[in-house]
Amino acid sequence: MINLILFGPPGSGKGTQAAKLVERYGLVHISTGDLFRYEMSHNTPLGQEAKRYIEAGELVPDEVTIGMLRNKVEAHPDAKGFIFDGFPRTVAQAEALDKLLAEKGAEVSALIALDVDDEEIVKRILKRGQTSGRPDDNDESIIRKRIEVYKKETAPVFAYYAEKDKAHKVHGIGSIEEIFERLCALIDQLVEA
Ligand code: C5P
Ligand code: MG
């Protein structure tokens with residue numbers, strides 16, 4: 001299996017690039033943010049719980065997110081591999097992911113971080129907010145809160161995989177196509193190795 005974590009701050013292009021990567025590599029895309037938004041749009045109990053956190057720019061508790069992720073992975077027993085987008089967001093989630101994949105005799109192949117600076121992120125998310133309909137994309141203070149949570153709770157996930165020699169960085173500014181080519185060059189190199 002090839003299991004990739006597409007990593008980076010909110011607005012760094014994870015969803016955009018994941019959609020292109022699944023096509024090229026035949027992997028299953030799992031975006032926990034999209035899963036939460038689906039639950040919220042159907043007003044399910046999970047959606048109602050997640051909404052409180054998401055609209056404040058905070059993280060949904062680990063046990064909720066991990067349970068949802070596990071269900072989604074288990075729904076694809078024959079997958080050639082996965083692209084995880086927006087997960088893991090904490091070291092506890094990373095440990096749970098490693099355990100889940102180990103149960104399948106698999107592992108995280110690589111974490112790839114899209115490197116984008118804060119001011120570019122705020123600009124991109126406000127622009128996305130004009131069409132995304134996401135309340136958390138339309139308020140600069142919530143966006144800044146999400147960046148702060150990323151630095152405090154999510155950035156340590158990079159170090160966690162760096163220690164296993166699995167963490168990589170890709171320059172995340174440029175055209176969608178340029179960034180996609182950078183990602184593919186790295187992935188091809190990793191898959192060959
Ligand atoms: O990944 P995305 O930016 O779409 O996530 C949107 C929101 O969903 C996050 O700001 C956070 O509130 C919540 N989320 C979370 N835990 C995750 C993924 C998303 O709490 N693993
Ligand atoms: Mg996304």
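Each ligand, and each atom within it, is numbered from 1 in the order the structure gives. Computed from heavy atoms alone, side chains included, the values below leave out hydrogens, waters and symmetry copies. Each residue takes its place number in the sequence, starting with 1. Predicted model, so just to flag it, every value in this text is computed and none were measured.
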>> Students often mix this up, so state it plainly: with edges at 30° and 60°, are the rings of Phe158 and Phe7 parallel, tilted or perpendicular?
In response: tilted
[X]/[Y] ion pair, N-O < 4.0 Å:
{"X": "Glu58", "Y": "Arg146", "value": "no"}
{"X": "Arg70", "Y": "Glu103", "value": "yes"}
{"X": "Lys151", "Y": "Asp118", "value": "yes"}
{"X": "Arg144", "Y": "Glu119", "value": "yes"}

>> Check this for me - ligand 1, Arg37, N or O atoms closer than 3.5 angstrom, yes or no?
In response: yes
>> For Glu120 and Lys123: C-alpha separation, side-chain torsions, deciding distance, then whether salt bridge (Lys or Arg N to Asp or Glu O under 4.0 Å) applies.
In response: CA-CA 5 Å; Glu120 170 78 11; Lys123 229 172 43 191; 3.6 Å; yes
>> As a check for students: among Met68, Arg89, Glu58, identify the option with a heavy atom nearest to atom 16 (N) of ligand 1.
In response: Arg89
Which of the numbered atoms in ligand 1 are under 4.0 angstrom from any heavy atom belonging to [X]?
{"X": "Thr32", "result": "17 (C), 18 (C), 21 (N)"}
{"X": "Gln93", "result": "21 (N)"}
{"X": "Leu59", "result": "15 (C), 20 (O)"}

> Taking non-hydrogen atoms only, is Val60 closer than 4.0 angstrom to ligand 1 via side chain, backbone, both or neither?
Replying inline: both
Among all protein heavy atoms, pick the one closest to [atom] and tell me residue, atom and distance.
{"atom": "atom 14 (N) of ligand 1", "value": "Phe36 CE1, 3.8 Å"}
{"atom": "atom 10 (O) of ligand 1", "value": "Arg146 NE, 3.6 Å"}
{"atom": "atom 13 (C) of ligand 1", "value": "Ile54 CG1, 3.6 Å"}
{"atom": "atom 21 (N) of ligand 1", "value": "Gly86 O, 3.0 Å"}

> Looking at Tyr160, is Lys164 sitting on its ring face, NZ or CZ under 6.0 Å from the six-membered ring centre and within 45 degrees of the normal?
Replying inline: yes
> Could a heavy atom of Arg134 be found less than 4.0 Å from some atom of ligand 1?
Replying inline: yes
